[in-house]
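One structure below.
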Amino acid sequence: MPRAQPESLTRVIDDLSQRLGKRCSVNRSILEQHSHGEDYAAHDPPDVVVWPVSTEEVSHIAALCNAQRVPLVAFGAGSSVEGQVNASQGGVCIDLSRMDQVLEMHAEDGDCVVQPGVTREGLNAYLRDTGMYFPIDPGANATLGGMISTRASGTTTIFYGTMAQNVVALEVVLADGRVIRCGTRARKSSAGYDLVRVFAGAEGTLGIITEATVRIYGRPETVGAGVCPFPDFHKAVDAVTEVIQTGLKPTRIEFVDEVMMGACNRYMHLSLPEKPTLFVEFSGSRAGVEEQFRLADEIMQGHGAAPLEWSTDEARRTELWKARHNAYHAGRALRPGWESISTDICVPISALSDSVAQARRDIQAAGLTAAMVGHVGDGNYHVMFLFDPQDDGQRRTIEGINSAMIDRALAVQGTCTGEHGIGLGRRDKLRKQFGDDTLSLMCSLKRAWDPNGILNPGKIFPQTT
């Protein structure tokens, strides 16, 4: 949709200013703060930012924007990386961070009801003394609304699943201001279409989440963490495959390549082997954790790894995982002043070794600086490309390698994004992954639910659609 007409926008801003007072701002610095996510270079500021505190206010804002054909973009913590929160067509940014209450907690049922502005860390702080916790960890202190909207996952996916498996019910404001509820707190249901899963991953293009019921879990008795270097990545993946096939249940199993391990050594003054390395976590009873580490160590050494170093002591666990937790900042420090592009390839585990090896060959042939990390247990890996922002040729080379990586992933029935979402950055890849007929079906759903195209316009779908 084109940018809203000035008179329509003025009417919307006047109404919101009168209704919300100081919770409505056109301050330039505020607009700039809401113009982009965590790792997206383009900045697209909205025309106005508002902070609702209730579903009723969100409903009014949506109905007003819909009547005046003014774009409406939902904003949480701003931690998305594919331009999901950019106001690429201006309009109203609806910042949901002040809707940050935990409304209900049902320990006996393993769920709680939250507003969309509750953050992952905030929810766990609330649950700290209950014996429960929320385990989904995308690597940022994202809001629950944003995590649902991008179908986020992260390091614990292999054990707990993604946000799609951990949200059971939603309250959503539609484009015209209607408020609907979908899903239930029951453990299963066969009633009608599964709309919860439709909104999970819709990136704010179909509705604005105002309440969510998410799963929570009992804190395990014991958590153990371990680190293990391998002579090459193929052996590491083979070891992970055997660990899973044997029936062991790691809570996390992460990969860091030799380039990133070197970056971590320099950034954090460590002296770790600069080899492909697995970071492993098991949880459960003390005896169960010890047994799983013993078996995992046997399997990994059988694939040429050094002995698995592990501990259940919290301070030691933190030390062992230090490199993985700080990999992003360590990678950026390889080239101070340069910018980064992160890929998000996910393939069947059987195709992971070849996918990573081919990517590394392309990187070396082009003479680029790039490091890799991955959630190896579910076939998802990220290449952090670093490039000189003044060198357009370097960026084009990176984009070409990324496209080739995606093509190879799709050829083995993988995906162009395992957890980052589409946003602005991967719109052209969506058609390549699904084809015209499937994409047309998605677009018809968008048009039916948002006929005026006000909700996060320009996101997910190719501009030619």
Side-chain angles (χ1 to χ4, degrees), residues 38-39 79 81 120-121 124 137-142 154-156 223-233 235-237 239-240 250-283 293 296-297 300-301 304-344 356 359-360 363-364 367-377 380-389 394 398:
E38 182 65 28
D39 195 31
S79 57
V81 297
R120 175 182 63 85
E121 292 179 5
N124 278 322
D137 180 6
N141 190 25
T155 59
T156 60
V223 178
V227 177
C228 180
F230 282 78
D232 61 61
F233 180 71
K235 293 183 184 300
V237 173
V240 170
T251 313
R252 310 173 200 250
I253 187 160
E254 297 285 294
F255 163 71
V256 174
D257 80 345
E258 64 276 17
V259 177
M260 187 65 86
M261 291 301 294
C264 290
N265 279 340
R266 289 187 285 278
Y267 182 73
M268 289 172 274
H269 308 291
L270 304 174
S271 55
L272 299 170
E274 295 184 7
K275 296 180 178 181
T277 301
L278 292 182
F279 295 76
V280 188
E281 180 179 284
F282 290 105
S283 59
F293 269 114
D297 189 21
M300 291 178 182
Q301 289 195 55
L308 177 60
E309 181 182 1
W310 65 276
S311 176
T312 58
D313 176 75
E314 184 174 359
R316 183 60 181 146
R317 289 192 343 248
T318 300
E319 184 67 23
L320 287 172
W321 274 74
K322 188 176 182 180
R324 178 63 184 93
H325 286 319
N326 292 280
Y328 174 78
H329 299 292
R332 290 295 300 266
L334 282 170
R335 291 288 186 271
W338 283 24
E339 293 183 1
S340 69
I341 294 175
S342 180
T343 69
D344 184 30
V356 169
R360 177 53 69 190
I363 291 164
Q364 291 173 340
L368 297 170
T369 300
M372 296 187 197
V373 299
H375 317 308
V376 67
N380 188 196
Y381 71 97
H382 309 286
V383 178
M384 176 187 283
F385 289 99
L386 298 170
F387 67 97
D388 182 347
Q394 199 174 46
I398 291 170

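Because the structure is a prediction, the values reported are computed rather than measured.
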State, with a plain yes or no, whether a side-chain heavy atom of [X] is found less than 4.5 Å away from one of [Y].
| X | Y | result |
| --- | --- | --- |
| Met260 | Leu334 | no |
| Phe230 | Lys275 | no |
| Trp321 | Glu281 | yes |
| Arg360 | Met372 | yes |
| Phe385 | Leu368 | yes |
| Arg120 | Pro138 | yes |
| Phe255 | Val373 | no |
| Glu254 | His375 | yes |

Q: Would you confirm whether Ser340, through its side chain, and Arg332, through its main-chain N or O, come within 3.5 Å as a donor-acceptor pair?
A: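 Looks like no, no N/O pair under 3.5 Å.
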
**Q.** Side-chain donor or acceptor of His382 paired with backbone N/O of Gly374 under 3.5 Å
**A.**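 No, because the side chain of His382 does not come within donor-acceptor range (under 3.5 Å) of the backbone of Gly374.
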
Where [X] and [Y] come nearest, the two heavy atoms and their spacing:
| X | Y | value |
| --- | --- | --- |
| Ala330 | Met268 | CB-CE, 4.4 Å |
| Ala370 | Val259 | O-CG1, 3.4 Å |
| Ala359 | Tyr381 | CB-OH, 4.1 Å |
| Ser79 | Glu38 | O-CB, 3.6 Å |
| Leu386 | Ile398 | O-CD1, 4.2 Å |
| Leu272 | Ala323 | CD1-CB, 3.9 Å |

Q: Show the numbers, then the answer: is there a side-chain contact (heavy atoms from CB on, under 4.5 Å) between Arg252 and Phe279?
A: CA-CA 8 Å; Arg252 310 173 200 250; Phe279 295 76; over 6 Å; no

Looking at [atom1] of [X] and [atom2] of [Y], how far apart are the two atoms once the value is rounded to the nearest 0.5 Å?
| X | Y | atom1 | atom2 | value |
| --- | --- | --- | --- | --- |
| Thr343 | Met384 | OG1 | CE | 10.0 Å |
| Leu278 | Met300 | CG | CE | 5.0 Å |
| Gln301 | Cys228 | CD | SG | 7.5 Å |
| Glu258 | Glu274 | CD | CD | 9.5 Å |
| Arg335 | Thr369 | CZ | OG1 | 3.5 Å |
| Asp137 | Thr155 | CG | OG1 | 4.0 Å |

Q: If the plane angle is over 60° it's perpendicular, under 30° parallel, otherwise tilted; pick one for Phe293 and Trp310.
A: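 Parallel: the ring planes of Phe293 and Trp310 meet at under 30°.
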
Q) Checking side-chain contact (heavy atoms from CB on, under 4.5 Å) for the pair Val223/Thr251: CA distance, chi angles, key distance, verdict? A) CA-CA 9 Å; Val223 178; Thr251 313; over 6 Å; no

